[in-house]
Q: 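Before I ask anything, here is the structure I am working with.
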Amino acid sequence: MVISTEHLTYTYSAGTPFEKVAVRDVSLTIGGGEMVGVIGHTGSGKSTLIQHLNGLLKPTSGRVLLDGKDIWAAGPDIRQVRFHVGLVFQYPEYQLFEETVYKDIAFGPKNMGLDDKEIDKRVHEAAEFAGFPTDLLDKSPFELSGGQKRRAAIAGVIAMEPDILILDEPAAGLDPRGRNKILQQIREYHAFTGNTVLLVSHSMEDVANFADKILVMNNAEVFAYDTVERVFARSEELKKIRLSVPQVTNVFHRLAADGLPVPENVYTVPYAKKKLLRLLGKGGRSDA
Amino acid sequence: MLKDITIGQYFPGHSVVHRMDPRMKLILTIFYIVILFVVSNPFGFIPSVLFLAGAYMVAKIPVKMIARSIKPILPIILFTSILNLFFINGDSVIFTLGPLHMTWQGVYTAFRMALRLVLLIAGTSLMTYTTSPISLTDAIEQLLGPLKLVHFPVHELAMMMSIALRFIPTLVEETDKIMSAQKARGADMESGGLIHRAKALVPILIPLFLSACRRAEDLALAMECRCYRGGEGRTRMKQLHYSQLDFMGLLITVILLAVVIVLNLIPMPFLNWLM
């Protein structure tokens with residue numbers, strides 16, 4: 001499913017002294033099956049933007065299109081859009097409310113009006129995708145650890161089987177191992193289902209590791225929306241808006257500046273390791 | 001959106017009214033309410049309206065804010081007006097409809113009550129529009145100070161009020177967030193009957209209560225870490241001082257009271273048919 005925006009603008013508290021443009025004239029298209037990283041400072045408009053994509057916010061002006069159709073033109077049932085575009089909020093564990101994890105994950109599918117058999121299937125599949133241990137499904141969500149709660153909440157959105165999954169900082173506040181596990185799980189979900197995934201993150205490393213394309217938001221506007229290579233190639237501009245490139249990219253830029261024959265398009269640690277080993281191996285041979 | 005709810009909404013600014021001491025604003029507001037009840041003849045309302053209109057103009061609060069504060073009590077105003085219209089006994093009857101009489105006295109009373117209510121709300125709203133909730137609780141704490149002598153927990157009360165006020169926007173924001181999260185999972189809160197709607201609140205209320213408890217616990221811990229022990233011997237960072245501005249305000253209000261009383265005393269025989 002292709003989702004796109006046309007000149008999307010959103011203004012908070014219009015007409016009061018607190019008026020603020022949160023998103024200004026954003027036009028972009030996210031193709032089916034893409035994995036897009038969304039980056040920007042706090043207040044850059046990324047959270048506001050993603051809430052437009054599933055119709056939680058109505059644009060002040062401009063349109064949001066799902067497969068070319070304006071989501072607000074369809075009529076009153078905006079809920080259908082929300083079943084196609086799943087949104088996992090920041091700290092989603094605070095939305096858990098049911099007696100058991102199972103019931104909580106089933107909340108979304110139930111709202112879709114599915115039958116019990118289908119719901120049961122989806123709950124189990126979603127729990128697996130989110131890495132939630134299925135033997136804990138009958139526990140109360142409030143007895144779980146922080147990481148497990150997070151997974152349960154993410155499963156609650158995946159269970160609706162949305163064509164487009166948006167996650168707002170899914171790894172925020174978790175320890176490094178929990179972070180990696182959750183991000184790994186999301187990558188597997190993407191690879192397995194082939195659905196579009198939008199991942200909002202503060203961490204350049206995470207985005208470089210997981211995304212095909214990067215959307216950089218700055219001051220309510222799109223600063224860049226392109227492939228990982230092309231966005232990080234603009235590292236000087238990124239620094240100007242106080243965003244960085246991954247640390248390992250910085251290291252390689254410095255090495256290149258010192259005259260070493262290393263490529264500048266290095267964004268992930270495994271790739272960096274490979275390049276460095278080759279360089280060292282080469283160096284060793286020429287010394288011999 | 002929930003965010004549009006105004007609960008004593010503060011409208012930031014730097015006008016003369018904004019800069020007045022919150023204690024004086026509180027006193028003057030009470031004073032103004034008293035004046036509204038002292039007024040007993042239609043001409044007394046003219047200076048009262050002018051006074052408030054002037055204050056709103058000086059404070060640079062848009063007129064539409066007045067309308068916004070009156071909107072919630074509109075049903076009450078209409079209700080009392082209608083009751084007054086038909087149930088005030090008098091001799092200058094306009095028309096009779098079965099057991100109902102509409103008299104000029106009734107029309108006048110209805111008008112007077114409605115105007116009084118509107119001015120009451122507009123007057124008190126002006127105070128909350130121009131005074132931040134925190135300085136308002138400061139003012140209440142200081143004005144109630146004498147009650148400490150009879151062991152009334154003034155400081156604790158003020159602290160509770162400040163905390164409650166401080167957390168209203170936070171909880172509203174939190175409610176908004178939880179509502180969005182549940183809507184994203186297809187929760188349907190806009191349609192259905194009463195029972196359906198009440199049920200639809202459960203996914204919002206449970207997370208909200210949990211988060212309120214969590215916040216209360218965090219706050220209690222943070223206060224204890226900073227050795228909070230109640231009001232005993234506590235000094236304040238922002239001292240309140242009366243300035244010339246405040247005495248000007250007081251003077252103007254006293255003059256208003258005097259004018260209203262004088263207008264009450266002037267005999268107006270041509271109005272007798274209304275009274």
Q: Can you pull out every ring pair (Phe, Tyr, Trp, His ring centres under 6.0 Å) where at least one residue sits in residues 34-62 of chain A? Sequence neighbours excluded, please.
A: A:Tyr10-A:His52
Q: Quick check on A:Gln80 against chain B: is it the side chain, the backbone, both or neither that has a heavy atom closer than 4.5 Å?
A: neither
Q: Which atoms of A:Met112 come close to chain B, meaning under 4.5 Å heavy atom to heavy atom: side chain ones, backbone ones, both, or neither?
A: neither
Q: Could you give all pairs that pass the salt bridge (Lys or Arg N to Asp or Glu O under 4.0 Å) test and reach residues 146-166 of chain A, with sequence neighbours left out?
A: A:Glu93-A:Arg150, A:Arg122-A:Glu161
Q: Name the option with the most non-hydrogen atom pairs under 4.5 Å to chain B; the candidates are A:Gln90, A:Met160, A:Glu98.
A: A:Met160
Q: Considering only heavy atoms and a distance below 4.5 Å, find which of A:Val88, A:Asn111, A:Val157, A:Asp104 pairs most often with chain B.
A: A:Asn111
Q: Out of B:Val202, B:Asp188, B:Ile204, B:Ile178, return the one with the most heavy atom pairs under 4.5 angstrom to chain A.
A: B:Asp188
Q: Side chain of B:Tyr129, backbone of B:Tyr56: donor and acceptor closer than 3.5 Å?
A: no
Q: So for A:Tyr94, is it side chain, backbone, both, or neither that comes closer than 4.5 Å to the heavy atoms of chain B?
A: both
Q: Taking heavy atoms only and a threshold strictly under 4.5 Å, list by residue number the residues of residues 209-224 of chain B that touch chain A; give 'none' if the list is empty.
A: B:Leu210, B:Arg214
Q: Who passes ring pair (Phe, Tyr, Trp, His ring centres under 6.0 Å) against A:Phe97, sequence neighbours left out?
A: A:Phe107
Q: Counting only non-hydrogen atoms closer than 4.5 Å, does A:Leu96 touch chain B with its backbone (N, CA, C, O), its side chain (CB onward), both, or neither?
A: backbone
Q: Just one of A:Thr48, A:Leu49, A:Asp25, A:Leu53 clears the side chain to side chain contact (heavy atoms under 4.5 Å, CB included) bar with A:Leu8, so which one?
A: A:Leu49
Q: Say whether B:Ser132 and B:Ser135, considering side chains only, have a donor N or O and an acceptor N or O under 3.5 Å apart.
A: yes
Q: Any donor-acceptor pair under 3.5 Å linking the side chain of A:Arg82 with the backbone of B:Gly186?
A: no
Q: Verify the distance criterion only: is there a donor paired with an acceptor across the side chains of A:Ser47 and A:Asp168 at less than 3.5 Å?
A: yes
Q: Going by atom types alone, do B:Thr131 and B:Lys25 pair a side-chain donor with an acceptor below 3.5 Å?
A: yes
